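Owing to the predicted nature of the structure, the values given are computational and were not obtained by experimental measurement. Side-chain atoms are counted along with the backbone in the values below, which use heavy atoms only and exclude waters and symmetry mates.
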Amino acid sequence: EDDQCLKEGGVAAATKLIVASQVTAIVGSLCDSAVSGANAVAQAAGVPMLVVGATAKDLTQAGDFIFRPYPTDLAAGRAAADQLFNILKKKKAALVTIKGETSETLGEIFSARFKELGGTVTMTQTLDVEGKEAKAVVGKIKSARVEAIYAPIGVSLGQMLFQKISEAKLNALLFSNSQWESAGAAITKEAEGLFYITPKLNNWEEFRQKVEETTGKQATIASFFVYD
């Protein structure tokens with residue numbers, strides 16, 4: 001069932017699967033908003049739900065029938081701050097998010113942890129989903145003379161942002177989230193040198209190759225975590 005990545009879509013999809021199809025378990029969704037609707041339906045019906053890639057930290061608190069093998073935003077945001085401050089030794093950062101629950105939540109968690117460690121988040125900038133303000137955002141960041149930019153955003157919008165950063169000759173370390181692990185050949189030269197935080201995957205390349213050989217499709221990080 002297609003939940004359309006919407007809360008009401010999650011409710012409708014879970015209800016149809018449980019009532020009409022009489023499923024005994026649900027796998028999905030990738031979207032926080034859809035899971036925030038579907039999880040209550042599954043919990044009320046006593047149907048186990050395995051959340052695939054949605055990362056909002058409170059989703060599994062709907063009850064004992066909601067499970068998730070994938071790390072949450074809380075873990076990812078804190079890990080990014082720890083890596084940037086303790087390992088990469090960057091103390092002054094800018095934060096770029098997109099309007100939407102996951103990106104902004106990651107940014108808030110990162111910012112709180114980075115400041116807790118002793119770092120400074122000089123500015124926070126928010127892009128719309130089309131990245132129309134990217135050039136103006138990069139101009140503001142350049143003026144702030146930061147050492148690093150944490151941008152927990154998707155690959156396509158990230159490519160656009162990093163291109164503007166390259167054009168502006170902005171010398172700052174780029175840091176993002178786990179979506180880049182699946183990007184592969186889609187990464188352009190503007191993103192070269194990008195750091196990103198991702199769950200530890202002991203045999204990721206082997207798994208990805210086998211999935212492609214067997215199905216002809218590209219595996220994602222989420223598929224790695226839910227495969228049995």
Side-chain angles (χ1 to χ4, degrees), residues 32 53-58 70-184 186-201 221-222:
D32 291 342
T55 55
K57 59 186 177 67
D58 296 332
Y70 197 83
T72 67
D73 291 339
L74 181 61
R78 289 178 63 87
D82 288 343
Q83 185 78 11
L84 197 58
F85 187 90
N86 293 324
I87 306 301
L88 298 173
K89 306 300 182 184
K90 303 301 180 183
K91 315 299 182 190
K92 187 178 180 183
L95 173 64
V96 180
T97 62
I98 57 174
K99 294 181 178 71
E101 183 177 341
T102 299
S103 181
E104 291 182 317
T105 300
L106 277 168
E108 292 168 2
I109 294 168
F110 166 85
S111 183
R113 177 58 177 166
F114 197 67
K115 292 174 182 177
E116 180 184 316
L117 292 169
T120 300
V121 177
T122 303
M123 63 172 57
T124 299
Q125 297 290 312
T126 304
L127 297 172
D128 65 17
V129 293
E130 297 178 355
K132 295 177 181 178
E133 313 96 331
K135 186 174 181 179
V137 164
V138 169
K140 293 177 182 178
I141 293 174
K142 187 174 183 179
S143 299
R145 300 180 182 276
V146 298
E147 299 175 290
I149 301 168
Y150 178 53
I153 59 182
V155 175
S156 58
L157 186 56
Q159 301 277 33
M160 181 190 300
L161 175 66
F162 300 150
Q163 181 179 350
K164 299 300 182 186
I165 289 172
S166 176
E167 292 171 355
K169 294 179 169 47
L170 201 167
N171 185 25
L173 183 147
L174 305 178
F175 207 102
S176 193
N177 59 349
S178 62
Q179 292 185 49
W180 290 85
E181 182 67 34
S182 303
I187 298 178
T188 60
K189 61 183 179 62
E190 287 82 13
E192 289 179 0
L194 169 73
F195 287 80
Y196 57 85
I197 199 75
T198 187
K200 183 179 179 180
L201 310 174
I221 296 296

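Judged by distance alone, the side chain of E133 and the main-chain N or O of D128 form a donor-acceptor pair under 3.5 Å. The backbone N or O of A168 lies less than 3.5 Å from a partner atom in the side chain of K142, making a donor-acceptor pair. Side chain of K57 to backbone of T105: no donor-acceptor contact under 3.5 angstrom is found. In this structure, the side chain of K169 does not engage the main chain of S166 through any donor-acceptor pair within 3.5 Å. Remark: the backbone N or O of A56 is paired with a side-chain donor or acceptor of D32 at under 3.5 angstrom.
Residue T126 holds its OG1 atom at 10.0 Å from CD1 of I98, rounded to the nearest 0.5 Å. With rounding to the nearest 0.5 Å, the separation of OG1 in T122 from NZ in K140 is 14.5 Å. Here the NZ atom belonging to K99 is positioned 7.5 Å from the CG atom belonging to L127, to the nearest 0.5 angstrom. Between atom CZ of residue F85 and atom OG1 of residue T120 there is a gap of 9.0 Å, rounded to the nearest 0.5 Å. With rounding to the nearest 0.5 Å, the separation of CG in L170 from CD1 in I149 is 5.0 Å. Between the CZ atom in R145 and the NZ atom in K92 there is a gap of 8.5 Å [rounded to 0.5 Å].
S176 approaches A151 most closely through the heavy-atom pair OG-O, 2.6 Å. T102 and D73 get closest at one heavy-atom pair: CG2-OD1, 3.9 Å. Closest approach of L117 and A81 over heavy atoms only: CD1-O, 3.7 Å. For the residue pair A93 and L84, the shortest heavy atom distance occurs at CB-CD2, 4.3 Å. L194 and W180 get closest at one heavy-atom pair: CD2-CD2, 3.4 Å.
Applying the ring-ring contact (aromatic ring centres under 6.0 Å, His included) test to Y150 and every residue at least two apart in sequence or in another chain returns F110.
No option in N171, V138, I141 other than V138 meets the side chain to side chain contact (heavy atoms under 4.5 Å, CB included) test with I165.
Taking the six-membered ring where the residue is Trp, F175 and F195 present parallel rings, their angle staying beneath 30° rather than reaching 60°.
No side-chain N or O of Q159 forms a donor-acceptor pair with one of Q163 less than 3.5 Å apart.
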